[in-house]
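We number each residue from 1, following the sequence as shown. Computed from heavy atoms alone, side chains included, the values below leave out hydrogens, waters and symmetry copies.
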Amino acid sequence: MTTDNDKLNELATRPVGRLLWSYSLPAVVGMLVMQFYNFVDRALIGHYGGVDGAASQEAIAGLTITFPVMNVTTALGVLIGAGASARLSILLGNGNIPAARNVLGNALTMTVVLGVVYLMLFAWFMDDMLILFGATDTNIGYAREFMTYILPGLFLMNLTYSFNNLMRASGFPIRAMVTMFIGAGLNILLVTLFLVVFRMGIKGAAIASDISMGVTTVFVMAHFFKNSGPIVWTRGTYGLRSKIVWGIIGIGAAPCIVNVAACLINIFINQNLKTLGAHSELGSDGALASAGVFVTFTSMIVCAIIGICQGMQPIVGYNFGAGLFHRLKRTYWLAVGCATLICLIGWVIAMVNPSMIARLIIPDETLARHTGRLLTISMSMFWMVGFQIVSTNFLQSIGRVGFSIALSLVRQVIFLLPIMYIMVHHFELDGLWASFPTSDMCATIVTTVLIVIEFRTIKRMRREKTASVL
């Protein structure tokens, strides 16, 4: 019979290929299921999100306006979830169970405190934020209605995401996948009922998400009561301790910065789409709706890669903490290979038949053709992205805060925003979408340099460990 301690020990003993498969497959499936329900949400909003359940590109545009809010929420979630799970894996590799339990308790307190703060700010400054994010007179009503109802679900989403990561890091990848199935399955059922049957419009999608996230949160939090392993809710672990808090923030800063940067980019894109789209045949709402399809499609691909990274993280973190450096390189390259394959599949679809994806969300044929064209431009170098994402997460998993933050900033801030600013002024909408492949190429070069440096460091640490044993 396999015990919970055996599940942790296998991180250091089981063949790396099988281990990565067993941890990544549930994570990938779970992430894809979650993204599938996001896709269903957006497709149904496009076809039934208008007044009295009518098709509406303004509803999709209004939903697109809320994406920066989702980025900020996700940023705070991964700040704690990714940081705490990486710290947990390293501590388990060191055999320090009491410290790992303190990480669990502090992660809960941090999530609750941050959640209360950002929910109050979002509610108080809602209209100001939506206007900043590019809302127009025709779509702000949809954006406001969606945000009003989705706010409770954002907090529940943070709890689910953070502690689902901790569940996986403590040796329960299958249970973490089941958690995603519960939320996604319930949401798809409810959003179909609320939009197609009851014709509740865009608010129905938000309410469906709230209910499904509530059920999923209960399932996740209950795991740490019923779990017979070493990582459980423990009295005396909830008081914030500066060393633990800064340890979590230090590692979680990299993925947090990625999502904050995504928020800034979404704001910049939305404002340009609002302005440039108004002077095109598409109009502002049409241009914003196209961007919504781009974000939805690329998010599905990226989330599959993040699933691989989630499977990689406990393996890398545990073995790094245990000093088993020879397993790190193989785990990393296997993850890079899988992520690159997924990117190639998405890239082929974008090059061969992008309009097919657009038609699933946008009912207007002319707008769907335009959206397909922008997908082809923006994703022309997308096959490089998997290498960048895995590298950032690898460095984060072994506590290389500086390098992981640097890579987080490179693609989306240091390169993308300046390139986008220049190209928009010269080529307008086409320049905006062409800035993505340009940034991908530049970021790949920097990623390669930092990874070479890090593996040289790991090689030196391995030699030093071998010499100390001899």
Side-chain angles (χ1 to χ4, degrees), residues 5 7-24 27 78 81-104 107 165-166 168-171 173 230-231 243-244 246-255 306 308-336 338-339 389-408 447 450-469:
N5 286 330
K7 292 180 179 180
L8 292 176
N9 290 334
E10 74 174 4
L11 291 170
T13 57
R14 192 176 177 188
V16 168
R18 295 178 185 177
L19 194 59
L20 184 63
W21 174 264
S22 65
Y23 270 73
S24 291
V78 299
S85 59
R87 288 296 305 158
L88 189 75
S89 295
I90 294 172
L91 290 169
L92 289 174
N94 289 331
N96 194 341
I97 303 301
R101 289 179 176 175
N102 280 322
V103 168
L104 180 72
N165 276 346
L166 288 165
R168 184 181 300 105
S170 60
I231 307 304
K243 185 177 180 180
I244 296 174
W246 287 114
I248 291 172
I249 292 175
I251 296 178
I306 291 174
I308 293 172
C309 293
Q310 288 177 345
M312 175 188 71
Q313 180 270 315
I315 304 169
V316 169
Y318 189 97
N319 283 279
F320 184 80
L324 300 174
F325 303 119
H326 63 284
R327 296 169 64 86
L328 300 184
K329 189 173 182 179
R330 178 165 172 76
T331 304
Y332 168 77
W333 285 116
L334 283 172
V336 167
C338 294
I389 296 174
V390 171
S391 299
T392 302
N393 279 269
F394 173 78
L395 294 169
Q396 168 197 319
S397 298
I398 61 176
R400 296 290 189 255
V401 177
F403 277 7
S404 60
I405 290 176
L407 286 186
S408 301
T447 302
L450 291 183
I451 284 296
V452 168
I453 293 172
E454 181 55 37
F455 273 116
R456 286 179 178 174
T457 302
I458 291 173
K459 185 177 181 180
R460 185 176 65 252
M461 294 171 67
R462 185 179 179 182
R463 283 200 307 265
E464 292 172 353
K465 182 185 177 184
T466 302
S468 66
V469 172

Rounded distance [0.5 Å steps], CH2 in W333 versus CG in L328: 13.5 Å
Rounded to the nearest 0.5 Å, what separation is found between the CG atom of L88 and the CG atom of N102? 11.0 Å
With a 4.5 Å heavy-atom cut-off, do Y332 and V390 have their side chains touching? yes
In short, L91 meets V103 closest at the heavy-atom pair CD1-CG2, 3.7 Å
Would you mind reporting whether R400 and T457 have side-chain heavy atoms less than 4.5 Å apart? yes
Taken to the nearest 0.5 Å, the spacing of L407 CG from I389 CD1 works out to 11.5 Å
Under the side chain to side chain contact (heavy atoms under 4.5 Å, CB included) test, which residues partner A406, sequence neighbours left out? L450
Only counting residues at least two apart or in another chain, list the ones meeting side-chain hydrogen bond (donor to acceptor under 3.5 Å, both in side chains) with N393. none
What pair of heavy atoms forms the shortest contact from I248 to A84, and how long is it? CG2-N, 3.7 Å
To the nearest 0.5 Å, what is the distance between CG (L104) and CD1 (I231)? 7.0 Å
Do you know which two heavy atoms are closest between S404 and L395, and how far apart they sit? CB-CB, 4.0 Å
Supply the atom-to-atom distance S89 OG to I251 CD1, rounded to the nearest 0.5 angstrom. 9.5 Å
Looking only at heavy atoms, which two atoms of I308 and A339 are closest? And how far apart? CD1-N, 3.7 Å
I need the single residue from V336, T331, L334 that forms a side chain to side chain contact (heavy atoms under 4.5 Å, CB included) with M312. Which is it? T331
Within a strict 4.5 Å, meaning less than it, do heavy atoms of the I244 and R87 side chains meet? no
Would you say the side chain of V16 lies within less than 4.5 Å of the side chain of N319, judging by non-hydrogen atoms? no
Is the F394 to F320 ring centre distance short of 6.0 Å? no
Do L20 and R330 come close enough that some side-chain heavy atom pair is under 4.5 Å? no
Heavy atoms of S24 and G311 approach each other most closely as OG-CA, 3.5 Å
Is there side-chain contact between I453 and F403, with heavy atoms separated by less than 4.5 Å? yes
Side chains of R14 and S22: do they bring a donor and an acceptor to under 3.5 Å? yes
Heavy atoms of A169 and Q313 approach each other most closely as CB-OE1, 4.0 Å
